[in-house]
Amino acid sequence: MIPVAEDFGRDGRIREDLRLGRICLSRRLAVPVSTFEDIILARQRVKRLMVEMDFCTLARTRVITAVSELTRNIVVHAGSGEMTVFQSAPGSRLPLILCEFTDQGPGIADIFLALRAGYSTSDSMGLGLSGSRKLCKYFHIESTLGKGTRVIIAEWKTS
Amino acid sequence: MSDIAILTIGGTVIVPIQSEPDDASARRMRGRILERIEKTGARALIIDVSAMEIIDSFMSRLLAETARMARVMGAETALVGMKKEVALTLIHLGVRMDGVRTALSLEDGMALVSRGKGGDHDSRR
């Protein structure tokens, strides 16, 4: 297999480590998501943590926008679910935040289609999933029809 | 959460969005803005988003729709004060705000919409 360009470099290694669960994470907070007010709450909680971790404004804006899109997806498509937020272990040389969004909703029939910009099964612009994928350094999605969906996003400091 | 203030100054409706509205209050805001334009016959609408730390796809669509509806009712809209991080994120997200005029400050926005009154809708500054 020919490695793609993004597999090289530090960010690529971090993505690989995340994929393989090689980064030690500690659970920071969990927010149940079932109402539109919960979307605001989830955003505020992630914002507070990212301020505490001293992420720059742009990284914060990108991640919180993705949090907004992904929690709205839970409310609209699944009715309820949960956001769980993890942080790299204290003292870690890699300041990293990871948010996991889970629901027991109907699941996604075709993930590739769902990830296409402009595709929507609700009356929206269809930018939630495709956009969130572009907004964060790490994006992972898995879904089983009739069982639910799990999306993970992560962001870390570049320097 | 409390409703967003809507001001009318001269023939202009000004909406300073101070907090992050949830979906319901954002929808309510759209209705109230259109009502106010109808009641006052305002020819200009200025939405000040300088206090907003994030604008997601839902909010950007709602803002764009509000602008389109206002135009149908005869009012030109300017979106003013968007933070650069918010603008960059919207571009990343793939949001297009076609047909929405933007300005850096409230003052620029006032100049923009007053120039647009009765003129060519698609003209740029």
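First the proteins, then the strands, lettered A, B, ... as listed; each starts at 1.
- With a 4.5 Å cut-off on non-hydrogen atoms, A/S132 touches chain B through its backbone but not through its side chain.
- Atom CD in B/E20 sits 8.0 Å away from atom CD in A/Q44 (nearest 0.5 Å).
- Remark: A/I40 CD1 to B/S19 OG distance equals 8.5 Å, nearest 0.5 Å.
- Atom OG1 of A/T57 and atom NZ of B/K84 lie 7.0 Å apart (nearest 0.5 Å).
- Residue contact with chain B, scored on non-hydrogen atoms closer than 4.5 Å, involves the backbone and the side chain of A/L127 alike.
- When the side chains of ILVMFWY residues are joined at heavy-atom separations under 4.5 Å, either directly or via intervening members, A/V67 and A/I39 end up in a single hydrophobic cluster.
- There is no contact between A/R60 and chain B, counting heavy-atom distances below 4.5 Å.
- Heavy-atom distances place no part of A/R133 under 4.5 Å from chain B, backbone and side chain included.
- Residue contact with chain B, scored on non-hydrogen atoms closer than 4.5 Å, involves the backbone and the side chain of A/I64 alike.
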Full working for side-chain contact (heavy atoms from CB on, under 4.5 Å) between B/T89 and A/L58: CA-CA 8 Å; B/T89 300; A/L58 180 57; 4.2 Å; yes

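- Using a 4.5 Å cut-off between heavy atoms, B/I55 contacts chain A through its backbone alone, with no side-chain atom that close.
- Of the residues considered (A/R72, A/K47, A/E37), A/R72 shows the highest number of contacts with chain B, using heavy-atom pairs under 4.5 Å.
- Separating the CD atom in B/E85 from the SG atom in A/C56 is a distance of 8.0 Å, to the nearest 0.5 Å.
- No side-chain heavy atom of A/T61 sits under 4.5 Å from any side-chain heavy atom of B/K83.
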